[in-house]
Amino acid sequence: MMSNNKKKKSRGQQQRVFKVVIGTIGICIAGYIMGLGPTLYWHLSDLFTSSVSVHCPPCLCDCSTQPLLSLFDDDNALNNISFTDCMKRDPEVSDEMERRSIHMLSEELRQKEAEAEKIQQRADRALLEAKKMTSQYQKEADKCNSGMETCEEARERAEEALAAQKNITAMWMIRAHLKGWNGTIYGANADQIQEPLD
């Protein structure tokens with residue numbers, strides 16, 4: 001019983017320690033993403049990518065000798081020359097930044113144009129394929145229509161021939177009845193021949 005209680009207590013402590021460690025890691029990652037990460041990235045990228053290193057001259061003021069509130073006095077308020085020099089626009093740095101941004105934008109524009117050209121080529125190929133399929137289906141439809149017209153003409157001719165044959169048959173049957181024919185056919189099987197309708 002004692003060993004089970006000790007195991008449960010040690011397991012509970014391990015879980016608490018694990019939660020604290022995970023929480024600390026999460027807070028560190030969030031802090032890095034929100035604050036330190038981007039600034040550190042830009043500082044390192046500037047160090048590695050800049051061929052011209054132009055820095056502001058170091059500040060010459062010794063803040064430890066001045067009282068804290070003297071920084072905000074009217075006489076001393078932001079009158080430090082090195083501080084204002086750091087805020088001035090440096091033409092070499094800004095020109096380099098402009099060149100970099102123009103280069104990046106033109107490269108992005110070239111990539112977008114190439115991508116748009118590929119999409120246009122794919123669309124042109126699909127359109128050409130669709131036109132080919134449409135032409136093929138149109139040919140098949142024309143063949144079908146032509147066949148239907150031929151069949152319709154043949155049906156009409158057959159109906160006309162049947163009507164003419166019926167008229168001839170009726171005429172011959174009338175003549176045969178007038179001459180005394182009683183409707184029996186000699187030498188034929190009676191099941192195969194139907195009696196003419198009056």
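- Of the charged side-chain nitrogens involved, at least one lies within less than 4.0 Å of a carboxylate oxygen, so that Arg155 and Glu159 count as a salt-bridged pair.
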Discussion item. The test is salt bridge (charged side-chain N to carboxylate O under 4.0 Å, His left out); show your working for Lys112 and Glu115 and say whether it passes.
Written reply: CA-CA 5 Å; Lys112 294 283 184 184; Glu115 185 178 324; 5.1 Å; no
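- Rounded to the nearest 0.5 angstrom, Glu113 CD and Glu117 CD are separated by 8.5 Å.
- Side-chain contact between Asp124 and Leu128: absent, with no pair of heavy atoms (C-beta onward) separated by less than 4.5 Å.
- Distance CD/Glu129 to OG1/Thr134: 10.0 Å, rounded to 0.5 Å.
- With no hydrogens or angles considered, a side-chain donor-acceptor pair links Asp142 and Gln138 at under 3.5 Å.
- The CG atom of Leu105 lies 14.0 Å from the CZ atom of Arg100; values are rounded to the nearest 0.5 Å.
- To the nearest 0.5 Å, atom OG of residue Ser106 and atom CD of residue Gln111 are 10.0 Å apart.
- At distances below 3.5 Å, not a single donor-acceptor pair connects side-chain atoms of Ser135 with backbone N or O atoms of Lys131.
- The 12-atom threshold is not exceeded at CE of Met148, counting heavy atoms of other residues, nucleotides or ligands nearer than 6.0 Å.
- Between atom CG of residue Leu109 and atom CD1 of residue Ile102 there is a gap of 12.5 Å, rounded to the nearest 0.5 Å.
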Fill in: Verdict with reasoning, Arg157 to Glu153, per side-chain contact (heavy atoms from CB on, under 4.5 Å)
CA-CA 6 Å; Arg157 284 194 305 266; Glu153 290 171 3; 3.9 Å; yes
Item to complete: Evaluate side-chain contact (heavy atoms from CB on, under 4.5 Å) for Ile174 paired with Met171, printing each intermediate quantity in order.
Response: CA-CA 5 Å; Ile174 290 171; Met171 182 182 72; 5.8 Å; no
Item to complete: Kindly indicate, with the supporting measurements, whether the criterion side-chain contact (heavy atoms from CB on, under 4.5 Å) is fulfilled by Glu152 and Glu149.
Response: CA-CA 5 Å; Glu152 187 65 26; Glu149 288 174 4; 5.6 Å; no
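- One finds the CE atom of Met173 at 4.5 Å from the CH2 atom of Trp181 (value rounded to the nearest 0.5 Å).
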